Amino acid sequence: MSFMGGWNNAANQSVNMQNMAMAEQELEMVSDLFNRIVSSCHQKCIPKTYIEGDLNKGEAVCIDRCVGKFFEVNKSVGTKLQQMSGAGLPM
Amino acid sequence: MDFSQFNDAERNHLQRVMEQKQMKDFLKLYSGLVERCFNDCVNDFTSKTLSSKEASRKTLTLDFLEGCIQKCADKFLKHSERVGQRFAEANAEMMGGAK
C-alpha cells in the first residue's frame, strides 16, 4: 500500500507557499518565452500565402535558426540587465 | 522542470496549477489560431460563407485539396511543434550551462 502511504503523506505535509510562488513564476517565465518564440518565429519564417500544410525545407531551417537566435538575444539582454543592476543603475 | 526538491503535497499543488495552465493555453491556442487564420485567409466578403479556396469542404473525393484555413492551422501546429523541439534542446543546454 505504498500508494496510500504516499497519499496520506501528502495530506499531512505542509505546502511552502513561497516556494510554490517561485516555481509557478518560473513555469510562467518558461511558457511565456516559448509563446513569444512561437509568435516571433512564425511571423518571420512562415509566409502568409499558405501553399502547403507542411513546413518546407526553407521554413524548417528558418525556424531552427530563429529559435537559436532568440535564445542568444535572450541571453545577451539578460547579461546586459544583470550588469546594469549590478552597477546599481535604476532598472 | 525539476520538482524533485518538493514534497508530495507541493507536487500535487503544482500539478493542479499546471493542469489549469494547460487548459488556459489550449483556449489561447484555439482563439489565436482562429484569429491568425481568419486574418491570413479571409479577405473577400462577396459571399456569406467561406469559399473553397478559403476552406475546403469535407468531400470524399477532394479531401486532398485543402483550403487556406486547413493549411494555415496545419502549418502553425507543425511550426509550434518544431519550435518546441528546438526550445527543449536550447533550454536543456542553457540549464546545463548554468549549473
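Reckoned from all heavy atoms, side chains included, excluding hydrogens, waters and symmetry mates. Because the structure is a prediction, the values reported are computed rather than measured. By convention in this document, chain letters (A, B, ...) are assigned in the order of the sequence lines, proteins followed by strands, and residues within each chain are numbered from 1.
In terms of hydrophobic clustering, with Ile, Leu, Val, Met, Phe, Trp and Tyr side chains grouped at heavy-atom distances under 4.5 Å, B/M94 and A/F34 are assigned to a common cluster. Clustering ILVMFWY residues whenever any of their side-chain heavy atoms sit less than 4.5 angstrom apart, transitively, puts B/V17 in a cluster other than the one holding A/M22.
Atom CD of A/Q82 sits in a sparse spot, with 12 or fewer heavy atoms from other residues, nucleotides or ligands closer than 6.0 Å. Heavy atoms of other residues, nucleotides or ligands lying less than 6.0 angstrom from CD of A/Q25 number 12 at most.
Within residues 51-59 of chain A, the residues that have a heavy atom under 4.5 Å from a heavy atom of chain B are A/I51, A/E52, A/G53, A/D54, A/L55, A/E59, listed by number. Among residues 76-87 of chain B, the residues having any heavy atom closer than 4.5 Å to a heavy atom of chain A are, in sequence order, B/F76, B/K78, B/H79, B/S80, B/R82, B/V83, B/G84, B/R86, B/F87.
Counting heavy-atom pairs closer than 4.5 Å to chain B, the top residue among A/L27, A/V67, A/D64 is A/D64. If you tally non-hydrogen atom pairs under 4.5 Å between each of B/A90, B/A73, B/C72 and chain A, the highest count goes to B/C72. When each of A/A23, A/G68, A/A60, A/C41 is scored by its heavy-atom pairs under 4.5 Å with chain B, the top score falls to A/A60. Ranked by heavy-atom pairs under 4.5 Å with chain A, the list B/K75, B/E89, B/K21 is led by B/K75.
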Please report, to 0.1 Å, the donor-acceptor pairs under 3.5 Å made by any side chain of residues 28-41 of chain B, with sequence neighbours excluded.
residue : atom : partner : partner atom : Å
B/S31   : OG   : B/L27   : O            : 3.2
B/S31   : OG   : B/K28   : O            : 3.3
B/R36   : NH1  : A/H42   : ND1          : 3.2
B/N39   : ND2  : B/E35   : O            : 3.3
B/D40   : OD2  : A/Y50   : OH           : 2.8

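At a 4.5 Å heavy-atom cutoff, the contact between A/F71 and chain B is made by side-chain atoms alone.
To the nearest 0.5 angstrom, B/H13 atom NE2 is 5.0 Å from A/M17 atom CE. To the nearest 0.5 Å, atom CG of residue B/L14 and atom CE of residue A/M20 are 4.5 Å apart.
Screening residues 65-81 of chain A for salt bridge (charged side-chain N to carboxylate O under 4.0 Å, His left out), with sequence neighbours left out, gives no hits.
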